[in-house]
Amino acid sequence: MKYTLDTIPVLDSYKTGCECPLCQLRVHCEDQYVDSMLGAAYMEPDCRVKTNEIGFCTRHFELMYNRRNRLGLALMTHTHMQEVIKSLEGVLANPGSSKHGLFGMRGKQTGDSVPQKIRARMEGCVICEQIDNSIKRYAYTIAQLYFTNSEFKKLFDQSKGFCLPHLALVMEFADETLSGKQADEFKKALAELEMQNLKRIEGELEWFTLKFDYRNADKPWGNSQDAVERSINKLMGACVGEEAQMPAHND
Ligand SMILES: [Zn+2]
Ligand SMILES: [Zn+2]
């Protein structure tokens, strides 16, 4: 897949000094895609074909459910459900007919048992796909800008690294899209930056736990008040606390 640079959002995200610029961009994209799915996007024929076919994961059904447009959600769910019913008709017509494989494995290795087919039918999510594509474009942009944009390089060198899932992604993009020498230089700088910041957060989390000791009760919190949230998010990608919070909506 060919990616294009998307410089401005990346620079803006770095300027906030957050723990993971890609997590911040992810939350922003997710908010926009959930909104547009219930607004303009699902009226477009191409998008409807996709949402009917692929549907959504539980997280994105939940996020759409929490917005106000119940009719939009009902229409989308209805036509998706019609597609699901159509494709399961054959599968469920004869649920007892799966072949007994060797040792009575009932087609376990081949992926063609009825339970496997049901699960496979419900895999995938249109919004996850959109987010994935955007984050890959941003990861590509980060790897490219490091060698082509001095403003970015400065911001990168002063940044707090990434969450670990996004660290892995950016390293992959460096390997795939930079020359061998540049990829090595970039990954070395990135690895040093990441290790410094992992240790910093680990220290902040430790101080959080030590604050529960009565002897430390009067000592200042420093940066540790939200260290639990930031530690979890650094390890797993933004999922708790302020960093995972989407903007308030009153739609
Ligand atoms: Zn992240
Ligand atoms: Zn999803």
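Counting starts at 1 for both ligands and their atoms, following the listed order. Remember, predicted model here, so these are calculated numbers, not experimental data.
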Problem set entry | V84 side chain reached by H80 side chain, heavy atoms, under 4.5 Å | yes

Exercise. Residues two or more places apart in sequence or in another chain: which of them pass side-chain contact (heavy atoms from CB on, under 4.5 Å) with D175?
Worked result: A183, K187

Exercise. Given T79 and N52, is the side-chain hydrogen bond (donor to acceptor under 3.5 Å, both in side chains) satisfied, shown in steps?
Worked result: CA-CA 6 Å; T79 46; N52 290 344; 2.7 Å; yes

Exercise. Can you tell me if OH on Y65 sees more than 12 non-hydrogen neighbours from other groups inside 6.0 Å?
Worked result: no

Exercise. Distance only, no hydrogens: is a donor on one side chain within 3.5 Å (strictly under) of an acceptor on the other, for S134 and Y33?
Worked result: yes

Exercise. Where do R200 and N197 land on the side-chain hydrogen bond (donor to acceptor under 3.5 Å, both in side chains) test, with the steps shown first?
Worked result: CA-CA 5 Å; R200 168 187 51 85; N197 280 283; 3.0 Å; yes

Exercise. How many protein N, O or S atoms sit closer than 2.8 Å to the Zn ion (ligand 2)?
Worked result: 4

Exercise. Parallel, tilted or perpendicular for W221 and F208, by the 30°/60° rule?
Worked result: tilted

For this session: For the residue pair F156 and Y14, categorise the inter-ring angle as parallel (less than 30°), tilted (30 to 60°) or perpendicular (more than 60°).
Result: tilted

For this session: Spell out the protein N/O/S atoms under 2.8 Å from the Zn ion (ligand 1) as residue plus atom name.
Result: C20 SG, C23 SG, C163 SG, H166 ND1

Problem set entry | Partners passing side-chain contact (heavy atoms from CB on, under 4.5 Å) against C57 (at least two apart in sequence or in another chain) | R59, H60, C125, C128

